[in-house]
Amino acid sequence: MLDFDGFMGYTQRIGFLPKYMNINGVGSMTIESIHYKRPILKKGYTDRLLDIDLSNNSISIRDITPVMRRMFVGGRGYCLKLVFDGTNATTRYDSEDNVLAFAGGPFCGESGFAGTGKFIVGAISPLTNTFCDSNVGGYFFPLVKQAGFDAISITGRSDKDVIIFIDGEQGIVRIMDAPETETSLFEAESLVEQWKGDGKPSSVAFVTAGIGGENTFFGCVNSVYYDVRRKRCRAKQAGRGGLGTVMRAKGLWGIVVKYDMSKGNSNKPVDRARVREAGKKIRNIIRTVDPKSMRLSKQGTTSLLDMMNSNQLLPVRNYQYGSDEREKEVSGAIFENKVFEQKYPDGCFVGCTLSCTKGCEKYTLKTGPLAGETVAVDGPEYETAATITNLDIFDIDCMLEYAWYCDEYGMDTISTGVVMSFLFEAYERGLLTKEDTEGMELKWDSPETVLTLLHQMAKGAPGFPTEAGRGLRHMKYWVAKRIAAKNGHPAERILKDLEQFGMECKGLEFSMYITKESLAQQGGYGFALKGPQHDESWLIGIDQLNNELPTFEKKAEALRWFPLFRTWFNIVGLCKLPWIDVRHPDAAKTDDPSKNLPTIQECYLELVNATFGTQKTLEDLLNESERCYILHKLFNLRQGFGTRAHDAIPLRAMAPVFINEFKSRKKYYEKYIQDVIKIETASMSDEAMLAALQDFRIKQYEELTDKVYEAKGFDQNSIPFDETLERLGMKEQVYSDIVRSARDRVKGDSGFIKEN
Ligand code: SF4
């Protein structure tokens with residue numbers, strides 16, 4: 001029987017286990033379990049879905065149909081389809097029917113190529129109220145795939161904390177009591193020690209959330225694996241959109257997988273030698289290019305700190321400023337030489353010579369519940385370090401402490417920091433006082449204040465910290481109501497002012513780039529389907545630093561092409577960095593160097609065709625991505641969002657908001673107004689120049705919006721044309737119904753964005 005939703009319904013329930021199981025010495029109560037027969041992995045697929053309902057503790061295994069595979073490929077595509085089918089327009093993040101989905105992709109776990117440990121976590125988000133996905137690396141999903149599953153779907157809600165234990169060696173899936181530990185990462189090694197039984201520590205990996213996920217709306221999912229060289233557990237994060245909050249709302253402490261990779265039968269491509277050859281090529285490109293360019297293999301993504309700072313792109317004081325001379329105290333070179341342990345390569349999965357997963361091996365915590373303990377810190381990544389510069393702090397210890405605690409609490413470093421920076425600016429401008437903040441003085445350049453607020457938010461301290469934990473969109477409304485209560489002005493009008501510098505779109509906080517001078521990146525954030533996260537379109541370097549998108553047409557085309565190709569990485573289980581951050585030496589000779597077409601041709605298309613035995617072209621890959629991309633667009637529309645009003649970005653993403661920002665770069669802006677806007681400035685006041693600049697930038701964004709919608713096959717309200725759906729083979733009634741009702745809705749759309 002073939003369901004159209006892409007799954008064949010059947011459960012392999014071969015036998016039951018006794019209720020009390022001493023799993024490898026853990027001694028946890030088994031609540032439910034099934035045996036299963038591990039399928040044979042072929043051409044990167046097992047074609048099995050593990051489906052668990054925590055409300056009734058049911059475990060089932062379903063076949064993934066060829067239709068599902070052809071239409072939605074894997075990874076983000078599978079997560080989207082699972083969540084779309086399992087939910088409806090009224091589902092919220094904590095609803096029982098919300099689906100928390102995990103999926104790799106056909107190349108996830110391919111050890112012969114670089115960047116193959118990636119998988120996707122997706123669900124309806126507490127921040128955006130629609131689908132959000134986040135990608136993360138590590139060994140978890142490669143092991144899940146070897147254990148027999150291309151995707152995991154979790155529905156329902158358990159009334160006590162549980163774990164799901166997938167034992168791929170014995171072919172058993174169990175739902176069990178969660179470990180009795182207050183921490184999520186601090187005791188990771190001892191948990192792995194218990195779970196591994198007689199096996200190696202590296203045969204165990206797990207995903208988990210933390211108390212920060214329970215007490216805030218931006219909980220992340222930690223992907224934990226054992227690093228055999230460093231002899232410790234490491235954690236990578238699916239950070240964006242509150243997916244750890246969804247996990248905690250389901251009563252799910254974590255999912256553990258056990259499988260010895262050395263017993264694995266690889267990804268079973270059609271032509272293994274050809275895959276290895278493609279892998280060798282990409283590794284050679286990385287080895288030749290990276291040391292002379294971004295140095296990711298030595299500095300991790302902290303190498304971006306210098307690049308962003310020297311180009312006015314590093315957020316400082318809630319994105320007001322883009323550069324600060326104190327950056328030299330936290331530069332990539334300092335991380336490379338003084339903070340990161342360089343003894344071993346740092347790939348987040350085997351085969352990645354880009355090795356950007358850097359870490360500090362010994363750091364003694366100064367604050368919080370574990371003050372005095374010496375821990376190993378993974379990262380910080382650029383994004384985490386930049387949330388700290390955005391709080392006006394240039395202090396490596398603060399970056400390490402913040403990174404470690406955010407991971408331990410299971411909180412997205414970006415959202416946490418951006419909520420804080422908005423509140424700090426509101427405080428600086430006198431919009432908030434100590435009366436509003438439980439007596440806390442929100443001062444810039446104060447590690448103590450930032451870390452205190454972090455600990456309070458994580459533990460859900462009543463009042464201000466708990467409110468802050470509900471995200472930036474909520475806080476804009478909260479601050480507006482507090483001010484309105486004090487001065488009697490209408491809250492809606494105050495909100496309009498706060499929206500100018502409250503850096504969120506669609507309910508998600510901006511990631512860490514100043515976009516005022518890059519129209520393409522403004523679109524990269526504004527049109528991103530899940531909200532302003534750079535993994536859909538990271539165009540700032542291409543547009544602003546390299547000036548490779550000089551016209552509206554080029555920018556619009558880039559805003560069509562890059563989200564599609566970047567989506568492809570997320571549906572197949574690959575990391576984008578070896579493609580986008582390491583340019584093939586021949587890319588410069590092509591018409592469009594930013595697309596890095598030689599690497600696509602020589603490495604990625606080789607990987608695809610050698611794995612599947614096909615003759616696919618780049619256009620074929622883009623078509624597969626576009627179907628998933630459009631499904632996400634339809635998802636947003638079904639949930640009541642996704643129209644033009646929801647692609648609006650804060651004024652600060654386009655231009656300076658306040659006169660102090662303008663004055664900090666007055667010379668540059670004055671010249672810009674003369675040369676680009678063509679206004680003579682001699683008799684203009686600073687305020688008049690600022691107003692002219694703002695007006696011009698808003699109009700530019702609107703003009704770009706028109707062009708991008710056209711390029712994407714959307715009407716001017718951001719709704720896909722019928723022909724777009726037809727071209728992609730998305731002819732089902734459910735999709736056309738969504739489009740029709742969105743068109744009706746938009747007729748009465750006031751453009752006012754409600755609090756989610
Ligand atoms: S480039 Fe970095 S994040 Fe990507 S797979 Fe390699 S080590 Fe992991």
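The structure presented is a predicted model; accordingly, all values stated were derived computationally and were not measured.
Residues H534 and S511 share a closest heavy-atom pair of ND1-OG, 2.8 Å. A pairwise comparison of heavy atoms in K595 and E557 identifies NZ-OE2, 3.6 Å as the closest pair. Contact record, G417 with T387: CA-CB, 4.2 Å, taken as the closest heavy-atom pair. Among all heavy-atom pairs drawn from L574 and A114, the shortest one is CD2-O, 4.2 Å. Residues P563 and L559 share a closest heavy-atom pair of CG-O, 3.1 Å. Between E626 and T724, the shortest heavy-atom contact is OE2-CG2, 4.5 Å.
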Determine whether K576 and N570 satisfy the following criterion, side-chain hydrogen bond (donor to acceptor under 3.5 Å, both in side chains), listing intermediate values before the conclusion. CA-CA 8 Å; K576 302 168 199 79; N570 286 341; 3.2 Å; yes
Chi angles and distances behind the salt bridge (charged side-chain N to carboxylate O under 4.0 Å, His left out) call for D744, R740: CA-CA 6 Å; D744 289 345; R740 199 171 315 109; over 6 Å; no
Start with the C-alpha gap between L634 and M730, add the side-chain angles, then the distance that decides, and say whether side chain to side chain contact (heavy atoms under 4.5 Å, CB included) holds. CA-CA 11 Å; L634 295 172; M730 301 176 82; 4.2 Å; yes
In sequence, state the C-alpha distance, the side-chain angles, and the governing distance for Y513 and W538, and then conclude on side-chain hydrogen bond (donor to acceptor under 3.5 Å, both in side chains). CA-CA 10 Å; Y513 301 94; W538 192 79; 3.2 Å; yes
Quick one, D497 with R493, criterion salt bridge (charged side-chain N to carboxylate O under 4.0 Å, His left out). Give me CA distance, side-chain angles, the key distance, then yes/no. CA-CA 7 Å; D497 294 340; R493 213 188 72 204; 5.5 Å; no
Where do D535 and K530 land on the salt bridge (charged side-chain N to carboxylate O under 4.0 Å, His left out) test, with the steps shown first? CA-CA 10 Å; D535 73 335; K530 70 177 168 197; 3.1 Å; yes
For salt bridge (charged side-chain N to carboxylate O under 4.0 Å, His left out), just list the numbers for D412 and R240, CA-CA rounded to whole Å, side-chain angles, deciding distance to a tenth of an Å, and then say yes or no. CA-CA 6 Å; D412 175 22; R240 306 309 323 266; 2.8 Å; yes
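Salt bridge present: R644 and E702 bring a charged side-chain N and a carboxylate O closer than 4.0 Å.
Under a 3.5 Å cut-off, the side chain of E732 and the backbone N or O of Y735 do not form any donor-acceptor pair. Listed for the S685 side chain is a donor-acceptor partner under 3.5 Å among the backbone atoms of A688. Judged by distance alone, the side chain of K678 and the main-chain N or O of D675 form a donor-acceptor pair under 3.5 Å. Q500 contributes no side-chain N or O that, together with a main-chain N or O of V657, makes up a donor-acceptor pair within less than 3.5 Å. Side chain of D586 to backbone of P598: no donor-acceptor contact under 3.5 angstrom is found. A distance-only check finds a donor-acceptor pair linking the side chain of S625 to the backbone of L621 [under 3.5 Å]. For K476 (side chain) and E499 (main-chain N/O), no donor-acceptor pair under 3.5 Å exists by modelled atom type. A distance-only check finds a donor-acceptor pair linking the side chain of E680 to the backbone of A682 [under 3.5 Å]. Under the 3.5 Å distance criterion, the side-chain polar atoms of S125 are matched with a main-chain donor or acceptor of T128. Side-chain atoms of S323 do not come within 3.5 Å of backbone N or O of Q312 as any donor-acceptor pair.
Atom CG of L508 sits about 11.0 Å away from atom CZ of F218, to the nearest 0.5 Å. Taking OH of Y525 as the start and OG1 of T515 as the end, the distance is 7.0 Å to the nearest 0.5 Å. For the atom pair CZ of R727 and CG of D722, the computed distance is 12.5 Å after rounding to the nearest 0.5 Å. The structure places CE of M689 at 11.0 Å from CD1 of I677, a figure rounded to the nearest 0.5 Å. If you take CD on Q533 and CG on D133, they are separated by 9.5 Å, rounding to the nearest 0.5 Å. To the nearest 0.5 Å, the span separating CG on L549 from CG on D592 amounts to 8.0 Å.
Y668 and E517 are linked by a side-chain donor-acceptor pair at a separation below 3.5 angstrom, with hydrogens and angles left out of the test. Side-chain contact annotation: T301 with E381, donor-acceptor N/O pair under 3.5 Å present. Between the side chains of T90 and N88, at least one donor N or O sits under 3.5 Å from an acceptor N or O. No side-chain donor-acceptor contact under 3.5 Å links Q521 and D543. Between the side chains of N596 and T599, at least one donor N or O lies within less than 3.5 Å of an accepting N or O. Under the 3.5 Å distance criterion, with hydrogens and angles disregarded, a donor-acceptor pair is assigned to the side chains of R76 and T567. A donor and an acceptor atom, one from each side chain of Y319 and K516, are nowhere located under 3.5 Å apart. Side-chain contact check for S415 and E509: at least one donor-acceptor pair (N or O, by modelled atom type) lies under 3.5 Å. Side-chain contact check for H584 and Q601: no donor-acceptor pair (N or O, by modelled atom type) lies under 3.5 Å. Side-chain atoms of D620 and T617 form a donor-acceptor pair, as typed in the model, at a separation below 3.5 Å. Checking S718 against K633 by side-chain atom types alone, a donor-acceptor pair falls below 3.5 Å. Y709 and N717 form no side-chain donor-acceptor contact under 3.5 Å, judged by distance and modelled atom types alone.
Between F527 and Y701, the ring center distance clears the sub-6.0 Å criterion. A centroid separation of 6.0 Å or more is found between the aromatic rings of Y78 and F72. For F714 and F721, the ring centers are positioned 6.0 Å apart or more.
With a 6.0 Å cutoff to the six-membered ring centre and a 45° limit on the axis angle, R638 counts as a cation-pi contact of F84. A cation-pi contact, defined as under 6.0 Å to the ring centre and within 45° of the axis, is absent between R652 and F662. For the pair R566 and Y629, the cation-pi test (distance below 6.0 Å, angle within 45°) is failed.
With contacts defined as side-chain heavy-atom distances shorter than 4.5 Å, the pair V136/K118 does not qualify. Proximity of L704 to K555: side-chain heavy atoms (C-beta onward) are separated by under 4.5 Å at one or more points. Side-chain contact between V572 and W568 is present, with at least one heavy-atom pair separated by less than 4.5 Å. At least one side-chain heavy atom of F510 sits less than 4.5 Å from a side-chain heavy atom of C505.
N311 pairs with exactly one of L314, L313, N309 by the side chain to side chain contact (heavy atoms under 4.5 Å, CB included) rule, that one being L313.
Q615 CD: 12 or fewer foreign heavy atoms inside a 6.0 Å radius. The environment of E710 atom CD is sparse: at most 12 non-hydrogen atoms of other residues, nucleotides or ligands sit within 6.0 angstrom. The number of heavy atoms from other shown groups lying within 6.0 Å of CD (Q694) is above 12.
The aromatic rings of Y604 and F569 stand perpendicular to each other, their planes meeting at an angle above 60°, with 30° marking the opposite boundary.
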